Amino acid sequence: MKKMKKILCILLVIMVAAMAFPTVSFGANEIVSQDGNWRYIPDYNKDTCTVIGYYGSDADVSIPSVVDDLKVTRLDFQFQVAAPHNRWMNPEPVVSITIPSTVTSLGNFCFAELPNLKKITIPSSVKEFGKGLFDWCTSLEEFTIPANMKEIPSETFENCTSLSKVTIHSKVTSIGYLAFAECTSLKQIKLPSGLKSIGGQCFVGSGLESISIPNSVSDLGGGICDHCTNLTSVKFTTNADVKDLPYNSFYRCSNLKTITIPSNIRRMSSGFSECPNLTTVIVRNDNLDIIGGLEQTAVLTAYSSSKATKLREYCSRKGIRWKPLDPPAWISKKRTDTTASLKWKSITDAVGYKIYKKTGSGSYKLLKTVTGTSYKATGLKKGTTYRFYVTTLKEDALGNLIESKGSSVYKTYLKKS
């Protein structure tokens, strides 16, 4: 009987002791640090370790470079734990995190679900970034993408509802799917000029008010701005490399008012369904293949050149207003030793014209905006090639100026005497 009581006492002590520690499942290779703050997986062959858990309660967490004489090279707070749980055993107090320069890799969802995290310092030593790093970090307000991060992984800032400013450096070439999903405080974002890929639903449900797609983008995922109810304008830069506008790109953008489809886009799927306030769609490609995406509303007008027969037929079938946006045709082009006199036909409803000039092998630059149908360029030099073209300006229902494609190029050259 005494022996049985002794066994029961021992079991009771074990149970009480177990309750004093965090309730997590421990792997065979997982070790708690001597100071009791960290849980890690050692690699004794390399004298390194991966930190996978934090048991402290500090607001400002400084991750050590060495734990139990092992160099910390990786952080993986989601190690063998199914999302959305993590191994920050006291996530509520964490406000800031500092990572040592020994760390080279961050695992998936590494800092996810830290509701009060506002600041984190990531050293240049980190070369590998997992997905969902800050998922549900609802107090994170600003973040600068580290210079060594060449791509923003999928779900990086998903559900970061306080995020209002993100600085992306010029070497970032890819943004993954859902990277900024539900970032409801994010009103503006400047995408880098070298960006090549934007993943599907990248900005779904975000607070973006406008977005400009850079020239360099060639891969655009579906639904990138799905349900962005604050979005009012979308701009594709003139030479954007996107060939197809995929399904649901701007689905349910209830305040979207204007968009220009550049000449390089050859096909458009159901990109603009349930956009009741879409007023102006300008199409640059005369051969755009429309699978769907434009719906008749009380305010929508589509603009294109008169040559865009596919668009005109589509608008006719759907009951969508279509208006021509043609460049002016030349009447005359004359050149003296120092001037070029340009005249063109007037365009109905035009409010002005823009004249562009290119000198030698340079790029076209706006020379002048005029309301008449003629212009004299002066100061020309012998031995130099000049190119000119003119565009038409019209006014849409919102009072915004919209611009046609350019007229045929007038090239002139006067040999040196």
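Just so you know, these numbers come straight off a predicted model, no measurement behind them. Throughout, numbering of the chain's residues begins at 1 and tracks the sequence.
Ionic pairing of Asp226 and Arg252 is present here: one or more N-O contacts between side-chain nitrogen and carboxylate oxygen are shorter than 4.0 angstrom. Under 4.0 Å is where a charged nitrogen must lie from a carboxylate oxygen, and between Glu128 and Arg74 at least one such pair does. Between Lys405 and Asp286, at least one side-chain N (NZ, or NE/NH1/NH2) sits under 4.0 Å from a carboxylate O, which counts as a salt bridge.
For the residue pair Asp68 / Tyr40, a side-chain donor-acceptor distance below 3.5 Å is found, with atom types taken as modelled. Counting only N and O atoms by type, the side chains of Asp76 and Thr50 include no donor and acceptor under 3.5 Å apart. Using modelled atom types and a 3.5 Å distance limit, the side chains of Glu141 and Ser164 yield no donor-acceptor pair. Asn90 and Ser57 share no side-chain donor-acceptor pair at under 3.5 Å.
Asp43 contributes no side-chain N or O that, together with a main-chain N or O of Thr48, makes up a donor-acceptor pair within less than 3.5 Å. Asp58 places no side-chain N or O within donor-acceptor distance of the main-chain N or O of Val61, the cut-off being under 3.5 Å. Judged by distance alone, the side chain of Ser273 and the main-chain N or O of Tyr251 form no donor-acceptor pair under 3.5 Å. Within the 3.5 Å criterion, the main-chain N or O of Ile347 finds a donor-acceptor partner in the side chain of Tyr353. A side-chain donor-acceptor contact under 3.5 Å links Ser206 to the backbone of Phe203. For the pair Tyr314 (side chain) and Leu294 (backbone), a donor-acceptor distance under 3.5 Å is present. Of the possible donor and acceptor atoms, one in the side chain of Ser216 sits under 3.5 Å from a partner among the backbone N and O of Leu195. Ser185 contributes a side-chain N or O that, together with a main-chain N or O of Thr161, makes up a donor-acceptor pair within less than 3.5 Å. Side-chain atoms of Ser404 come within 3.5 Å of backbone atoms of Thr392 as a donor-acceptor pair (strictly under, hydrogens ignored). Put simply, the side chain of Ser407 gets close to the backbone of Val390: a donor and an acceptor are under 3.5 Å apart.
Atom OH of Tyr247 has 12 or fewer neighbouring heavy atoms from other residues, nucleotides or ligands inside a 6.0 Å radius. The environment of Arg321 atom CZ is dense: over 12 non-hydrogen atoms of other residues, nucleotides or ligands sit within 6.0 angstrom. Annotation: Lys127, atom NZ; neighbour count of heavy atoms from other residues, nucleotides and ligands within 6.0 Å is above 12. In this structure, Lys187 places its NZ atom where more than 12 heavy-atom neighbours from other residues, nucleotides or ligands lie under 6.0 Å away. Residue Lys358 places its NZ atom among more than 12 non-hydrogen atoms of other residues, nucleotides or ligands, all under 6.0 Å distant. In Lys376, the NZ atom is not crowded: 12 or fewer heavy atoms of neighbouring residues, nucleotides or ligands sit closer than 6.0 Å. Residue Lys150 places its NZ atom among more than 12 non-hydrogen atoms of other residues, nucleotides or ligands, all under 6.0 Å distant.
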Problem set entry | Derivation of the side-chain contact (heavy atoms from CB on, under 4.5 Å) call for Leu163 and Phe134 | CA-CA 11 Å; Leu163 187 69; Phe134 305 107; over 6 Å; no
For this session: Any chance you could lay out the side-chain hydrogen bond (donor to acceptor under 3.5 Å, both in side chains) test for Asn255 and Thr232, step after step, and finish with the verdict?
Result: CA-CA 5 Å; Asn255 282 301; Thr232 60; over 6 Å; no
Exercise. Would Tyr356 and Phe388 count as a side-chain contact (heavy atoms from CB on, under 4.5 Å) if you check the C-alpha gap in whole Å, the side-chain angles of each, and the deciding distance to 0.1 Å?
Worked result: CA-CA 6 Å; Tyr356 292 85; Phe388 300 89; over 6 Å; no
Problem set entry | salt bridge (charged side-chain N to carboxylate O under 4.0 Å, His left out) between Lys307 and Asp326, intermediate numbers included | CA-CA 9 Å; Lys307 296 178 181 179; Asp326 292 305; over 6 Å; no
For this session: Would you sort out whether Asp219 and Ile198 count as a side-chain contact (heavy atoms from CB on, under 4.5 Å), showing the intermediate values?
Result: CA-CA 6 Å; Asp219 182 12; Ile198 302 177; over 6 Å; no
Exercise. Does the pair Thr138 and Leu117 meet the rule for a side-chain contact (heavy atoms from CB on, under 4.5 Å), with working shown?
Worked result: CA-CA 8 Å; Thr138 53; Leu117 180 67; over 6 Å; no
For this session: Please test Glu274 against Ser254 for side-chain hydrogen bond (donor to acceptor under 3.5 Å, both in side chains), starting from the C-alpha separation and ending with a verdict.
Result: CA-CA 7 Å; Glu274 297 188 31; Ser254 55; over 6 Å; no
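Here the side chains of Thr280 and Ile402 are in contact, with some heavy-atom distance below 4.5 Å. Residues Val166 and Ile145 meet the side-chain proximity criterion, which asks for heavy atoms closer than 4.5 Å. Within the 4.5 Å cutoff, the side chain of Lys257 has no heavy atoms near those of the Ser233 side chain. Counting only heavy atoms from C-beta outward, the side chains of Thr279 and Leu300 never approach each other to under 4.5 Å. No side-chain heavy atom of Thr98 sits under 4.5 Å from any side-chain heavy atom of Ile63. Annotation: side chain of Ile175 is not in contact with side chain of Ser197 (no heavy-atom distance under 4.5 Å). Two residues are said to be in side-chain contact when any heavy atoms from C-beta on lie closer than 4.5 Å; Ile120 and Ile99 meet this criterion. Within the 4.5 Å cutoff, the side chain of Leu366 has heavy atoms near those of the Lys354 side chain.
The two atoms that bring Phe77 and Tyr54 nearest to each other are CE2-N, 3.9 Å, heavy atoms only. Among all heavy-atom pairs drawn from Gly379 and Tyr386, the shortest one is O-OH, 4.3 Å. The two residues Val67 and Cys49 have their closest heavy-atom pair at CB-SG, 4.3 Å. Looking at every heavy atom in both residues, Ser263 comes nearest to Asn285 through O-ND2, 3.1 Å. Summarising the geometry of Ile152 relative to Thr156, their closest heavy-atom pair is CG2-OG1, 3.6 Å, with the distance given to 0.1 Å. When all heavy atoms are compared, the tightest approach of Ile291 to Arg267 is CG1-NE, 3.6 Å.
Note: Thr73 OG1 to Asp47 CG = 11.0 Å, rounded to the nearest 0.5 Å. In this structure, SG in Cys315 is found 12.5 Å from NZ in Lys323, a value given to the nearest 0.5 Å. Here the OG-CZ distance, from Ser304 to Arg284, works out to 10.5 Å after rounding to the nearest 0.5 Å. To the nearest 0.5 Å, the span separating NZ on Lys131 from CG on Leu178 amounts to 10.0 Å. Remark: Lys119 NZ to Asp60 CG distance equals 9.0 Å, nearest 0.5 Å. Here Asp289 contributes atom CG and Leu245 contributes atom CG; the two are 12.5 Å apart, rounded to the nearest 0.5 Å.
Aromatic pair Tyr389/Tyr364: ring centres closer than 6.0 Å. Ring centroids of Tyr55 and Trp38 are separated by 6.0 Å or more, keeping the two rings apart.
Checked against Phe143 for a ring-ring contact (aromatic ring centres under 6.0 Å, His included), the options Phe111, Phe180, Phe157 give a single hit: Phe157.
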